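Predicted model only: the values in this text are computed from it and were never measured.
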Amino acid sequence: MPFKDGGYDDAEFWGQVKSDAPTFLAFWNHTCAPCKVMAPIFERLAKRYRGRMEFIAISVYDREDIAKRFGVTSTPTFILTRRGKALRHAYGVIHESKLAELLDQYAPPSPGGAEVTGRRGLLSWFRR
């Protein structure tokens with residue numbers, strides 16, 4: 001999941017995670033076959049929820065500290081957060097429709113198709 005659409009520094013990352021906007025975190029690593037299967041699904045969902053939910057991919061190799069803080073022990077792990085709290089967890093290869101069902105419960109409606117909350121655009125990655 002090597003996304004190129006900008007990155008977060010520590011303060012921006014925690015500001016996003018603690019904000020009122022829902023944030024969908026994907027913990028991955030470059031040697032993980034299930035992560036490679038989920039990468040295009042994560043990208044499609046990010047497009048679908050653009051402006052309503054922030055999507056951030058986090059390499060467990062690059063940010064082991066963040067993975068530990070969220071209790072991530074395997075990849076891929078997906079965590080939906082809001083106001084600094086983990087609301088839902090999902091693990092492994094998951095059908096796109098099941099993830100969309102989960103996200104639909106937390107994504108704010110898009111009035112008339114207008115974007116309402118996105119800070120970084122389509123996808124963001126987090127690095128040190």
Side-chain angles (χ1 to χ4, degrees):
M1 291 186 195
F3 301 116
K4 301 177 181 115
D5 188 51
Y8 280 86
D9 64 24
D10 283 3
E12 291 170 322
F13 173 79
W14 289 112
Q16 175 63 41
V17 168
K18 292 177 181 178
S19 75
D20 286 340
T23 304
F24 193 55
L25 307 176
F27 290 89
W28 66 283
N29 76 65
H30 68 282
T31 62
C32 166
C35 295
K36 292 175 184 174
V37 170
M38 291 303 297
I41 292 170
F42 187 77
E43 288 186 60
R44 284 192 299 271
L45 290 171
K47 287 178 185 175
R48 179 175 174 177
Y49 292 94
R50 184 179 188 148
R52 299 188 300 147
M53 183 178 295
E54 192 73 10
F55 283 67
I56 304 173
I58 303 164
S59 166
V60 296
Y61 288 129
D62 294 337
R63 293 310 308 247
E64 186 177 333
D65 58 322
I66 300 298
K68 282 183 182 180
R69 187 151 178 193
F70 280 97
V72 173
T73 58
S74 64
T75 56
T77 293
F78 303 96
I79 302 175
L80 181 63
T81 67
R82 188 168 180 225
R83 296 183 184 135
K85 296 182 181 184
L87 303 174
R88 300 293 298 268
H89 293 75
Y91 309 93
V93 176
I94 304 157
H95 196 277
E96 187 170 344
S97 64
K98 290 292 181 185
L99 275 179
E101 276 180 37
L102 172 109
L103 298 177
D104 283 342
Q105 297 173 38
Y106 297 94
S110 182
E115 294 182 8
V116 292
T117 61
R119 283 186 34 186
R120 293 279 181 178
L122 177 57
L123 297 170
S124 298
W125 44 271
F126 182 42
R127 64 177 179 209
R128 192 177 299 258

Student check: side-chain heavy atoms of [X] and [Y] closer than 4.5 Å:
{"X": "Gln105", "Y": "Leu80", "value": "no"}
{"X": "Ser74", "Y": "Cys32", "value": "no"}
{"X": "Ile58", "Y": "Glu64", "value": "no"}
{"X": "His30", "Y": "Tyr61", "value": "yes"}
{"X": "Thr81", "Y": "Glu54", "value": "no"}

Are [Y] and [X] linked, directly or through intermediate hydrophobic residues, by side-chain heavy-atom contacts shorter than 4.5 Å (ILVMFWY only)?
{"X": "Met38", "Y": "Tyr91", "value": "no"}
{"X": "Phe55", "Y": "Tyr106", "value": "yes"}
{"X": "Leu25", "Y": "Trp14", "value": "yes"}
{"X": "Val93", "Y": "Leu99", "value": "yes"}

| task | Mind running side chain to side chain contact (heavy atoms under 4.5 Å, CB included) on Asp104 and Arg48 for me, showing each step along the way? | result | CA-CA 11 Å; Asp104 283 342; Arg48 179 175 174 177; 3.9 Å; yes

| task | Look up atom CD in Glu96 and atom CD in Glu101, then write down how far apart they are to the nearest 0.5 Å. | result | 12.0 Å

| Roughly how far, to the nearest 0.5 Å, is CH2 of Trp28 from CG of Asp62? | 7.0 Å

| said: Evaluate Ile79 against Arg88 for side chain to side chain contact (heavy atoms under 4.5 Å, CB included), listing each step before the verdict. | reply: CA-CA 6 Å; Ile79 302 175; Arg88 300 293 298 268; over 6 Å; no

| request: Classify the angle between the aromatic ring planes of Phe27 and Phe70 as parallel (below 30°), tilted (30 to 60°) or perpendicular (above 60°). | output: tilted

| message | Looking only at the side chains, is there a donor atom on one of Thr23 and Gln16 sitting less than 3.5 Å from an acceptor on the other? | response |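 The criterion, which ignores hydrogens and geometry beyond distance, is satisfied for Gln16 and Thr23.
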
| said: Looking at every non-hydrogen atom in both residues, tell me the closest pair between Ser97 and His95 and how far apart they are. | reply: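 Looking at all heavy atoms of both residues, the closest pair is OG-ND1, 2.8 Å.
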
| Got a donor-acceptor contact below 3.5 angstrom from the Tyr49 side chain to the Arg44 backbone? |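 Pair absent, no side-chain N/O of Tyr49 close to backbone of Arg44.
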
| query | Are Lys47 and Glu43 close enough for a salt bridge, meaning some N to O gap below 4.0 Å? | reply | no

| said: Using a strict threshold of under 4.0 Å (side-chain N to carboxylate O), is an ion pair present between Asp20 and Arg83? | reply: yes

| Option among Ile94, Leu103, Leu45, Ile41 that satisfies the side-chain contact (heavy atoms from CB on, under 4.5 Å) test with Phe78 |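 Of Ile94, Leu103, Leu45, Ile41, side-chain contact (heavy atoms from CB on, under 4.5 Å) with Phe78 is met by Ile94 alone.
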
